Asker: 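Below is the structure I would like to discuss, written out as structure tokens.
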Amino acid sequence: MSSLEPNRCPYCGSQRLLRDLEQAEIVCTECGRVIETDLMDMGPEWRAFEADERTDRVRVGAPITYTIHDKGLTTTISYLDKDLASANITPDKRAQLHRMRKWHRRIRIYDARERNLAHALSEMTRIADKLGIPKNVIETAARIYRKAVMQGLVRGRSIQSMAAATLYIACRTCGHVRTLDEIADAASLEKKEVGRSFRFLVNEMKMYVPPLTPKHYVARLLSRLRMRGEAEDIAYKTLTIASELRLTSGRGPMGVAAAAVYVASVLTGERKTQREIAELARVTEVTIRNRYKSLVKNIMFEVHL
DNA sequence: AAGACGAAAGTGGTTGA
DNA sequence: TCAACAACTTTCGTCTT
């Protein structure tokens with residue numbers, strides 16, 4: 001680590017080196033040359049908003065401190081094609097200046113993007129860790145996010161909500177069932193904000209995101225209620241019939257799933273209260289009742305116990 | 001007393017002119 | 001941009017177990 005870092009400027013021999021962690025560089029204060037770039041920062045992550053973040057924020061993953069990466073110290077190359085004495089310059093020099101400006105601009109855009117990406121990635125990892133979302137989903141999310149950045153879709157929107165939305169898309173496409181609620185919660189964002197970003201991304205990127213059906217939710221509800229076997233069977237059969245009868249379209253899938261689970265609990269005798277199910281499904285009892293009513297009305301339950 | 005039921009008013013988001 | 005609209009929630013009184 002520090003033994004690998006130079007303590008003497010290779011250009012002028014000076015030992016007055018400045019280790020700039022913000023820029024991840026070592027700079028010689030004598031001749032001003034940058035000696036080392038892309039230093040690894042071994043210190044802890046500085047930003048921590050909650051008590052337990054302070055303890056688990058260690059130097060792993062991408063840095064998220066570089067919100068203002070250059071502290072306003074960027075170089076700009078004048079667009080006046082004049083020299084110091086305001087005299088016109090040769091066509092040769094003009095062309096050179098033009099090239100310099102071009103690359104200067106490109107490099108700045110490039111590392112702004114990288115920084116954005118790094119920030120987003122750490123955000124996504126944080127959310128995913130909280131929810132126990134597997135690695136492959138995070139990677140899918142990262143790919144989608146990178147694409148979004150390249151298409152310029154992230155600019156002007158909060159990185160957090162875009163990161164959360166991307167993660168949600170990844171969950172959907174990978175078949176990993178998570179509600180928008182859960183992800184918004186873990187990201188400490190408003191559901192509607194994440195939802196907006198989600199819809200925006202899907203529209204702009206013309207992605208196909210497979211819809212979530214009630215069946216996706218049923219397994220989770222059942223396992224949280226510790227129900228299996230027969231109840232599982234009944235819930236799935238109910239949903240199959242319900243979707244054939246078009247009772248599910250236009251309805252919130254969670255409400256339908258909750259109702260199916262309730263039906264199953266009643267039919268098998270391992271009765272759960274509506275409130276209990278409603279709480280887990282994050283819908284109200286009234287919604288369960290309404291779905292449940294239409295299920296009962298439209299489906300003849302032939303109970304084989 | 002807890003749970004289920006249902007009416008009525010309120011909420012936030014979508015849609016279509 | 002605005003109003004109509006559908007789905008869902010909140011609230012609350014009543015009925016059932």
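Everything numeric in this text was worked out from a predicted model, so none of it was measured. First the proteins, then the strands, lettered A, B, ... as listed; each starts at 1.
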Asker: Could you state the CZ-C1' distance from A:Arg251 to C:dA6, rounded to the nearest angstrom?
Answerer: 9 Å
Asker: Verify the neighbour count for atom CD of A:Glu190: are there more than 12 heavy atoms of other residues, nucleotides or ligands below 6.0 Å?
Answerer: no
Asker: Are A:Glu193 and A:Arg196 within salt-bridge range, i.e. N to O under 4.0 Å?
Answerer: no
Asker: Nearest whole Å is fine: how far is C:dC8 C1' from A:Ile288 CD1?
Answerer: 12 Å
Asker: Crowded around A:Glu204 CD? As in, over 12 foreign heavy atoms under 6.0 Å?
Answerer: yes
Asker: In whole Å, I'd like the distance from the CZ atom of A:Arg271 to the C1' atom of B:dA4.
Answerer: 8 Å
Asker: Does a salt bridge link A:Arg220 with A:Glu182, judged by any charged N lying under 4.0 Å from a carboxylate O?
Answerer: yes
Asker: Ignoring backbone atoms, establish whether A:Tyr292 has a side-chain N or O less than 4.0 Å from OP1 or OP2 of B:dA4.
Answerer: no
Asker: Output the rounded distance in Å from CD (A:Glu285) to C1' (C:dT16).
Answerer: 15 Å
Asker: With heavy atoms under 4.0 Å as the rule, sort A:Lys191 into base, sugar-phosphate or nothing.
Answerer: nothing
Asker: Would you mind reading off the distance between A:Arg282 atom CZ and C:dA7 atom C1', rounded to a whole angstrom?
Answerer: 19 Å
Asker: Would you say B:dA2 has OP1 or OP2 under 4.0 Å from some side-chain N or O of A:Gln274?
Answerer: no
Asker: We want to know whether A:Ser122 and A:Thr125 form a side-chain donor-acceptor pair, criterion being a heavy-atom distance below 3.5 angstrom.
Answerer: no
Asker: Does A:Arg157 qualify as a cation-pi partner of A:Phe200, given the criterion of NZ or CZ under 6.0 Å from the six-membered ring centre and within 45 degrees of its axis?
Answerer: yes
Asker: Within a reach of under 6.0 Å around NZ of A:Lys237, are more than 12 heavy atoms found that belong to other residues, nucleotides or ligands?
Answerer: no
Asker: Which string of ( ) [ ] | and . matches DNA chain C, if you list each base 5' to 3' and count Watson-Crick or G-U pairs only when both distances are under 3.5 Å?
Answerer: |||||.|||||||||||
Asker: Does atom CG of A:Asp92 have more than 12 heavy-atom neighbours, drawn from other residues, nucleotides or ligands, at distances under 6.0 Å?
Answerer: no
Asker: Assign a letter to each nucleotide of nucleotides 6-17 of chain B from its 5' end: B, base within under 4.0 Å of a protein heavy atom; S, sugar-phosphate only; -, no contact.
Answerer: B------SS---
Asker: Contact class for A:Gly250 (heavy atom, under 4.0 Å): base, sugar-phosphate, or nothing?
Answerer: sugar-phosphate
Asker: Look at all strands and tell whether A:Thr273 reaches a base, only sugar-phosphate, or nothing, counting heavy atoms closer than 4.0 Å.
Answerer: sugar-phosphate
Asker: Using a 6.0 Å cut-off, check whether atom CZ of A:Arg282 has over 12 heavy atoms from anything other than its own residue.
Answerer: yes
Asker: Let me know the distance between NZ of A:Lys272 and P of B:dA4, rounded to the nearest Å.
Answerer: 12 Å
Asker: Just the rounded figure in Å: distance from P of C:dC8 to CE of A:Met254.
Answerer: 13 Å
